Amino acid sequence: MSIGSVLDLLRPDFPDITISKIRFLESEGLIRPERTPSGYRRFSVADCERLRFVLTAQRDQYLPLKVIKEQLEAIDSGAATLGVREARARAHSGRPGGAESGPMTGVDSGSAVAQAGRVPRTAAPRRLGVVPGEVSPDELRFDHEIRLTRADLLEQAEIDERFLNDLIRANLIVPGAAGFFDSEAVTLARTARAMAEFGLEARHLRAFKLAADREAALLAQIAAPIAKSRDAGARARAEETVRELAALSLTLHTCLVKASVRNSLGS
C-alpha cells in the first residue's frame, strides 16, 4: 500500500501522524518499506503493524526510539513475542492497552507497547490528505502518458480556438515541445471557461499564474537538495516531497482565500 493509505489506516488512532513522521521513523531504521523501481515506498501489513507498535510506544509509554528499536529487534529475532490473548483482547477492545489486555510474553510486563504491533486494524475509507478534508499529495501525481492534441483539448474542455489562444498567450496553458497537451490542460481550460462566465478573462487570470510560479519556486528550493543526493531513489523522494508540500500549500491557500473572502464580505 502507499504511504497515503498507511496514513488513512493509522489516523483514527494517531491523528497527529504525518508523512514526514513516517519518513523520519524509516530514516531511524524502525521500519523498512520496500521501494518500487521508480523509488516510491510500498508498505506491507507488517510495516503498518510495526508503525503502530512504534507510535503506541511513544504515545502511551513515552519510550525513546532507541528502546523501541531494541524491542523491535528482539521481536524480529524471536527473543520476544506478543501473546495471543493480548492480541485478541486488543482486537476486541479496539484500543491499545485496553482493560482486557494481559501481560505480554517475552517482553517486560510493565510495558504495554507490545500490544500495539500484531493485529492490523481496518478503518473506514477516508480521503487521503496531509490535512484532513483538503488536498491529497496523491492527487498531485502527474500522468506523463497522456498526450492530447489541440483538437482533443478543444473537444474535452468544450472551448473554442480563440479562447484557447487567449489562455496560451497568457501563459496559462503551455503546450509541450511536440505541441501536445496533458490532462491538466483540460482541467485548467474548463476552470478558466467557468470563470469567464463571471467576467474574468484570460488576462485577469495571470495573477493566479504568477502566484503559482512563486509558490512552485519556493517548493523547488526545498526539494532541490534532495534531488541532488546521490542516494538511490533521490529523485523520487524529491518528487514526493514536492507533492506533499504542494498539497499543504494548496490547503493553506484555500484557507487564506476563504478568510479573505469572509473578511471582504464583512461576515
Side-chain angles (χ1 to χ4, degrees), residues 1-84 86-88 90-91 94-97 101 104-107 111-130 132 136-139 141 226 229 231-241 243-244 247:
M1 69 185 76
S2 68
I3 194 168
S5 299
V6 174
L7 285 176
D8 279 347
L9 188 65
L10 295 176
R11 273 217 176 101
D13 288 331
F14 307 96
D16 296 333
I17 186 67
T18 64
I19 290 178
S20 298
K21 172 74 170 182
I22 294 176
R23 287 192 190 130
F24 171 73
L25 295 176
E26 179 186 1
S27 70
E28 293 294 311
L30 294 162
I31 55 172
R32 296 178 293 275
E34 294 183 356
R35 294 270 184 170
T36 66
S38 58
Y40 295 112
R41 296 172 179 83
R42 281 294 174 262
F43 293 81
S44 65
V45 172
D47 293 324
C48 293
E49 292 174 356
R50 289 177 74 89
L51 270 173
R52 192 179 294 280
F53 185 106
V54 173
L55 296 171
T56 302
Q58 289 184 309
R59 182 191 65 191
D60 297 349
Q61 301 297 314
Y62 306 101
L63 295 178
L65 290 181
K66 180 180 179 181
V67 174
I68 297 173
K69 187 174 184 179
E70 290 173 353
Q71 292 185 349
L72 285 171
E73 290 172 348
I75 292 173
D76 291 340
S77 67
T81 60
L82 177 65
V84 174
E86 289 79 4
R88 288 176 177 171
R90 182 182 178 279
R95 291 290 299 173
S101 298
M104 293 176 295
T105 304
V107 181
S111 171
V113 62
Q115 298 173 29
R118 293 297 176 221
V119 181
R121 292 170 57 84
T122 57
R126 185 181 61 76
R127 185 183 181 188
L128 168 66
V130 174
S136 159
D138 281 349
E139 295 177 32
R141 294 187 184 276
I226 302 175
S229 171
D231 297 340
R235 181 174 180 81
R237 289 197 301 275
E239 292 179 354
E240 192 174 66
T241 299
R243 284 197 304 274
E244 182 182 354

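Fair warning: this is a prediction, and the values are worked out from it, not measured in the lab. Residues take their numbers from the sequence shown, with the count starting at 1. Heavy-atom basis, side chains included; hydrogens, waters and symmetry copies ignored.
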### Atom pair CG (Leu10) and OG1 (Thr56), whose distance is rounded to the nearest 0.5 Å
9.0 Å
### Query
What's the verdict on side-chain contact (heavy atoms from CB on, under 4.5 Å) for Arg237 and Arg23, showing C-alpha distance, side-chain angles and the deciding distance?
CA-CA 10 Å; Arg237 289 197 301 275; Arg23 287 192 190 130; over 6 Å; no
### Task
Check whether the side chains of Ser20 and Glu244 place a donor and an acceptor atom closer than 3.5 Å, and report yes or no.
yes
### Any donor-acceptor N or O pair under 3.5 Å, side chains Ser44, Asp47
yes
### Summary
To the nearest 0.5 Å, atom OG1 of Thr36 lies from atom CZ of Arg41 at 10.5 Å
### Query
If you measure from CG on Leu25 to CG on Leu55, what distance do you get to the nearest 0.5 Å?
6.0 Å
#### Entry: Within-4.5 Å side-chain heavy-atom neighbours: Val6 and Ile19
no
#### Entry: Straight-line distance of Glu26 CD to Leu51 CG, nearest 0.5 Å
9.5 Å
### Message
For the backbone of Asp13 and the side chain of Arg52, can you confirm whether one donor and one acceptor N or O come within less than 3.5 Å of each other?
### Response
no
#### Entry: Distance in Å, Ile31 CD1 paired with Phe43 CZ, rounded so as to fall on 0.5 Å steps
4.5 Å
### Task
Decide yes or no for Phe14 and Lys21: does some side-chain heavy atom of the first lie under 4.5 Å from some side-chain heavy atom of the second?
no
### Query
Would you say Glu49 and Phe53 make side-chain contact, with heavy atoms under 4.5 Å?
no
### Message
Using a strict threshold of under 4.0 Å (side-chain N to carboxylate O), is an ion pair present between Asp76 and Arg32?
### Response
yes
### Query
To the nearest 0.5 Å, how far apart are CG in Leu65 and NZ in Lys69?
9.5 Å
### Query
With side chains defined as the heavy atoms from C-beta onward, is the minimum distance between Gln71 and Leu63 less than 4.5 Å?
yes
